[in-house]
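Notes to accompany the following structure.
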Amino acid sequence: MANRIQAIRGVSDILPERSPAWRELEQVLIDVLDSYGYQEIRLPIMEKTEVFARAIGEHTDIVSKEMYSFADRNDDSITLRPEGTAGCVRAGLQHGLFHNQTQRLWYLGPMFRHERPQKGRYRQFHQIGVEAYGMAGPDIDAELILLCQRLWRQLGLDGLQLELNSLGSTESRAAYREVLVDYFGQHRDQLDDDSRRRLEHNPLRILDSKNPDMQALIADAPALADHLDDESRAHFAGLCELLTAAGIDYVINPRLVRGLDYYNHTVFEWTTDQLGAQATVCAGGRYDRLIEQVGGPPTPAIGFAIGLERLLELLGLDPGPRQPHVYIVTGEGAAARALQLADQLRDALPGLRVMSHCGGGSLKSQFKRADRNGALLALILADDELASDRVTVKPLRGQGEQHSVAQAAAADTVKELLAAAALPETDSTPQ
RNA sequence: GUGGGAGUAGCUCAGCUGGUAGAGCUCCGGAUUGUGGCUCCGGUGGUCGUGGGUUCAAGUCCCAUCUCUCACCCCA
């Protein structure tokens with residue numbers, strides 16, 4: 001084990017033990033998205049670097065220090081996607097998806113950021129992203145939040161808190177930024193190192209500082225809410241009304257600022273206190289100017305992303321492996337007939353999971369394997385059976401004695417025995 | 001990028017003030033010569049993360065490095 005090659009730091013394998021939980025989670029997410037009429041868009045994992053640099057913002061942390069970028073063989077700069085929105089916008093523009101139409105889209109897959117790994121944060125991680133294009137009003141904002149709420153409910157997850165804020169229109173956001181830089185600039189001596197850095201790049205983030213020494217200064221800072229223009233105020237008020245009407249609990253967090261440059265108006269986060277420092281499970285907001293900014297027509301848009309590793313950790317799903325219904329135990333020289341019999345069963349009984357024993361070994365060891373695999377039935381195909389054209393059926397979970405049947409009748413027998421045994425525990429259906 | 005904790009068998013871990021490696025589970029075999037689960041017996045499996053240093057002697061002490069982990073930063 002000493003010098004064996006290892007995976008890249010912060011990048012992990014999802015082993016067979018864990019993959020059923022992923023599948024189950026993904027299935028619930030997809031079913032809910034289907035129920036809202038959202039359609040899947042499959043996007044490349046890498047893009048030209050400028051796709052991200054232009055959309056996310058050159059001086060954000062993501063672009064300035066967290067991207068996996070490399071020169072390809074033509075010396076073009078390519079980047080492994082650190083998030084999904086930029087690529088989604090690129091694809092939508094490239095294929096005219098935003099031309100005089102609205103779109104409701106989702107995508108699912110790995111994202112890459114070169115950060116120091118810690119609980120709930122990895123260099124390759126998975127997000128499901130949901131985006132709605134071409135709709136300017138607060139109704140679509142509310143729809144997305146309701147969609148989230150339904151996801152949590154379907155997953156059996158409670159205890160998430162919804163935090164909301166409005167950054168205002170791009171103009172009012174820019175104006176507020178000036179005011180804030182002014183304010184913190186006058187109190188530069190009271191800022192910690194981090195915040196001094198933020199002052200240049202993302203002054204709004206100072207508001208979100210965890211440093212207790214800065215809280216007083218932050219409390220006295222000019223409030224974002226006081227600098228919203230009328231339209232921004234109306235949009236935000238409209239959203240709040242819709243959420244209240246829908247019975248959604250939320251907290252307005254005036255310090256909620258997102259790290260990516262493209263956000264304006266509504267921003268929101270669903271947070272938990274169960275994941276240590278990584279409290280955010282789902283986050284998103286409006287980016288009405290992004291599409292123009294990257295060369296498209298003015299197109300309002302809003303989206304959010306969910307970190308699947310974080311969600312999975314909260315859920316503690318543990319479905320266990322999919323056990324075979326039938327395990328075929330073979331004697332020497334029975335391999336051909338066993339493989340045939342297995343396929344015969346699969347043909348006759350769709351959905352049946354059949355494993356043929358491969359690799360030889362004593363019957364004892366094969367039975368052990370059948371048991372370990374969780375099979376409900378063992379079918380024995382050895383010398384006696386081959387000679388008599390029969391097969392021995394042995395229930396492994398206490399549904400009666402073993403007996404011999406004609407090979408041609410094997411499927412019927414299996415069907416009867418499985419119908420008699422309660423199957424649900426073997427079908428790893430979500431509970 | 002910065003700081004704390006940790007790396008001993010495939011997995012979970014023990015190994016006291018340095019004397020040169022152990023358990024449980026898994027896997028393989030046997031008790032049970034066509035038959036799993038329970039029990040018992042036996043076996044495979046470790047250059048103790050890596051490299052260097054101190055010492056007669058290092059899993060144990062020191063340094064470096066890598067990885068994991070938690071936190072800061074930032075984010076999903």
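Keep in mind that this is a model prediction, so the values were computed, not measured. Lettering of chains follows the sequences in order, A, B, ..., and the numbering in each one begins at 1.
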Checklist entry - Can you check whether A:Ile145 reaches A:Tyr250 side chain to side chain, under 4.5 Å on heavy atoms? => result no
Item to check | Listed nucleotide nearest any side-chain atom of A:Lys364, set B:U69, B:U67, B:U32 | outcome: B:U32
Between the protein and nucleotides 1-4 of chain B, which nitrogen or oxygen pairs are less than 3.5 angstrom apart?
unit_1: B:U2; atom_1: O4; unit_2: A:Arg116; atom_2: NH1; d: 2.2

Checklist entry - So, the side chain of A:His325 versus the backbone of A:Arg353: is there a donor-acceptor pair under 3.5 Å, distance only? => result yes
Checklist entry - Can you find a donor-acceptor N/O pair under 3.5 angstrom joining the side chain of A:Asp371 to the base of B:G37? => result no
Checklist entry - Considering only the C1' atoms, how many Å lie between B:G59 and B:A6, rounded to the nearest integer? => result 15 Å
Item to check | Whole-Å gap separating C1' (B:C74) and CG (A:Leu204) | outcome: 15 Å
Checklist entry - Distance between the C1' atoms of B:U2 and B:A76, in whole angstroms? => result 23 Å
Checklist entry - Just by distance, do the side chain of A:Arg81 and the backbone of A:Ala86 share a donor-acceptor pair under 3.5 Å? => result no
Checklist entry - So which nucleotide from B:A71, B:U67, B:A76 ends up closest to the side chain of A:Ala277? => result B:A71
Checklist outcome for this item: Regarding the side chain of A:Lys119, the nearest nucleotide among B:A76, B:C70, B:U69 is B:C70
Item to check | Separation between the P atoms of B:A9 and B:A14, rounded to whole Å | outcome: 12 Å
Checklist entry - Judged by atom type as modelled, is there a donor-acceptor pair below 3.5 Å linking the side chain of A:Asn264 to the main-chain atoms of A:Ser169? => result no
Next on the checklist: Closest-nucleotide mapping onto RNA chain B: is A:Asp383 or A:Ala279 further toward the 5' terminus? I mean the 5' end.
Outcome noted: A:Asp383
Next on the checklist: Quick check against the 3.5 Å criterion: does A:Arg346 have a side-chain atom that pairs as donor or acceptor with the backbone of A:Val354?
Outcome noted: yes
Atom pairs, N/O to N/O, protein against nucleotides 25-28 of chain B, distance under 3.5 Å?
unit_1: B:U26; atom_1: OP1; unit_2: A:Arg372; atom_2: NH2; d: 3.4
unit_1: B:U26; atom_1: O3'; unit_2: A:Arg372; atom_2: NH1; d: 2.9
unit_1: B:C27; atom_1: OP1; unit_2: A:Arg372; atom_2: NH1; d: 2.5
unit_1: B:C27; atom_1: OP2; unit_2: A:Arg372; atom_2: NH1; d: 2.4
unit_1: B:C28; atom_1: OP1; unit_2: A:Arg369; atom_2: NH2; d: 3.1

Using distance only, find each side-chain donor-acceptor pair of residues 302-316 of chain A under 3.5 Å and give its atom names and separation, not counting sequence neighbours.
unit_1: A:Glu309; atom_1: OE1; unit_2: A:His126; atom_2: N; d: 2.9
unit_1: A:Glu309; atom_1: OE2; unit_2: A:His126; atom_2: N; d: 3.2
unit_1: A:Glu309; atom_1: OE2; unit_2: A:His126; atom_2: ND1; d: 2.8
unit_1: A:Arg310; atom_1: NE; unit_2: A:Gly120; atom_2: O; d: 2.7
unit_1: A:Arg310; atom_1: NH1; unit_2: A:Thr280; atom_2: O; d: 2.7
unit_1: A:Arg310; atom_1: NH2; unit_2: A:Gly120; atom_2: O; d: 3.2
unit_1: A:Glu313; atom_1: OE2; unit_2: A:Lys119; atom_2: NZ; d: 2.6

Next on the checklist: Holding to side chain to side chain donor-acceptor pair (under 3.5 Å), I want the full list of residues that pass it with A:Thr49, two or more places apart in sequence or in another chain.
Outcome noted: A:Ser77, A:Thr79
Item to check | B:A58 and B:G18, which share atom name P, separated by this distance in whole Å | outcome: 13 Å
Next on the checklist: Ignoring hydrogens and geometry beyond distance, is a side-chain donor-acceptor pair present between A:Ser195 and A:Arg198 at under 3.5 Å?
Outcome noted: yes
Checklist entry - Reckon A:Leu363 touches a base, only the sugar-phosphate, or nothing at all at heavy-atom distances under 4.0 Å? => result base
Checklist entry - Relative to the 5' end of RNA chain B, which residue comes earlier, A:Glu269 or A:Pro395, by the nucleotide with the nearest heavy atom? => result A:Pro395
Item to check | Derivation of the side chain to side chain donor-acceptor pair (under 3.5 Å) call for A:Glu131 and A:Tyr287 | outcome: CA-CA 10 Å; A:Glu131 324 236 335; A:Tyr287 37 94; 2.3 Å; yes
Checklist entry - Hey, is the side chain of A:Gln118 poking within less than 4.0 Å of OP1 or OP2 on B:A71, counting only N and O atoms? => result yes
Checklist entry - Expressed in whole Å, how much space separates the P atoms belonging to B:C13 and B:A57? => result 34 Å
Next on the checklist: Once side chain to side chain donor-acceptor pair (under 3.5 Å) is applied, do any residues pair with A:His187, and if so which ones, sequence neighbours excluded?
Outcome noted: A:Gln190
Next on the checklist: Let me check I have this right: for RNA chain B, each base becomes ., (, ), [, ] or |, based on Watson-Crick or G-U pairs with both distances under 3.5 Å. What is the full string?
Outcome noted: (((((((..((((.....[..)))).(((((.......))))).....(((((..]....))))))))))))....
Checklist outcome for this item: Taking every heavy atom of A:Ala348 against every heavy atom of A:Ala411, the minimum-distance pair comes out as CB-CB, 3.7 Å
Item to check | Main-chain N/O of A:Thr330 paired to A:Gln366 side chain as donor or acceptor, under 3.5 Å | outcome: yes
Checklist entry - A:Lys394 side chain: which of B:G36, B:C73, B:A76 is closest? => result B:G36
Next on the checklist: Any base atoms under 4.0 Å from A:Gly10, or only sugar-phosphate, or nothing? Heavy atoms, all strands.
Outcome noted: sugar-phosphate
